[in-house]
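To start, the structure itself, in structure tokens.
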Amino acid sequence: MALACGTGVKFTLQGGTSGSQELFGEDQARYLVAMSRDALDDLGARATEADIGYFAFANFEGEGLSGITSDGHKVDLPLSTLRDAHEGWLPTYMNTVD
């Protein structure tokens with residue numbers, strides 16, 4: 001989402017798993033949703049009423065992915081570095097295949 005909109009993400013994670021699992025895990029029944037603060041307030045009220053767990057962990061701001069994982073790892077990656085890794089891995093890989 002950050003790469004698509006060109007805006008960084010500042011996060012705070014408080015789960016019981018490793019930082020990489022928190023940031024990149026694809027657990028069952030987990031959804032990542034971007035919304036305005038007003039919409040988040042409405043979602044919170046509806047989720048509470050339906051007894052569905054949720055948590056807000058990030059804001060779109062800055063020029064990269066930054067924050068602290070629950071296991072204490074500091075993340076500070078510029079969007080340009082993330083974009084290079086995301087978009088450049090296949091051409092790099094193809095150039096190294098014999």
Side-chain angles (χ1 to χ4, degrees):
M1 288 182 194
L3 291 176
C5 71
T7 303
V9 174
K10 186 171 183 179
F11 65 87
T12 303
L13 297 173
Q14 300 173 7
T17 60
S18 74
S20 59
Q21 288 174 317
E22 289 173 327
L23 291 171
F24 305 109
E26 296 182 10
D27 298 352
Q28 295 297 314
R30 182 189 295 188
Y31 298 92
L32 182 61
V33 180
M35 63 182 58
S36 69
R37 178 62 57 192
D38 291 340
L40 177 61
D41 293 341
D42 183 53
L43 173 70
R46 291 172 186 245
T48 300
E49 183 177 299
D51 197 27
I52 297 171
Y54 80 99
F55 68 98
F57 70 94
N59 290 313
F60 282 104
E61 62 182 74
E63 300 290 324
L65 178 66
S66 63
I68 306 286
T69 64
S70 61
D71 57 358
H73 289 95
K74 181 179 179 185
V75 176
D76 191 11
L77 293 168
L79 287 180
S80 60
T81 300
L82 293 172
R83 188 173 308 285
D84 288 347
H86 179 70
E87 296 175 359
W89 75 270
L90 184 58
T92 300
Y93 174 76
M94 296 304 288
N95 286 331
T96 61
V97 176
D98 292 327

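Bear in mind that the values here come from a model prediction, so they are computed numbers and not experimental data.
Hydrophobic clustering of Ile, Leu, Val, Met, Phe, Trp and Tyr side chains at less than 4.5 Å, counting indirect connections, unites M94 with W89.
Residue pairs that meet the salt bridge (Lys or Arg N to Asp or Glu O under 4.0 Å) test with at least one member in residues 75-94, sequence neighbours left out, are R83-E87. Among residue pairs with one or both ends in residues 44-58, those qualifying as salt bridge (Lys or Arg N to Asp or Glu O under 4.0 Å) are D42-R46; sequence neighbours excluded.
Contacts of N59 classified as side chain to side chain donor-acceptor pair (under 3.5 Å), with partners at least two apart in sequence or in another chain: R37. Taking L82 as the reference, L3, L65, L77, L79 meet the side chain to side chain contact (heavy atoms under 4.5 Å, CB included) condition, with sequence neighbours excluded. Judged as a side chain to side chain contact (heavy atoms under 4.5 Å, CB included), and not counting sequence neighbours, the contacts of T7 are C5, F60.
Here the CG-CG distance, from L90 to N95, works out to 9.5 Å after rounding to the nearest 0.5 Å.
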Quiz prompt | Stepwise side chain to side chain contact (heavy atoms under 4.5 Å, CB included) test for F11 and I68 | solution = CA-CA 7 Å; F11 65 87; I68 306 286; 5.7 Å; no

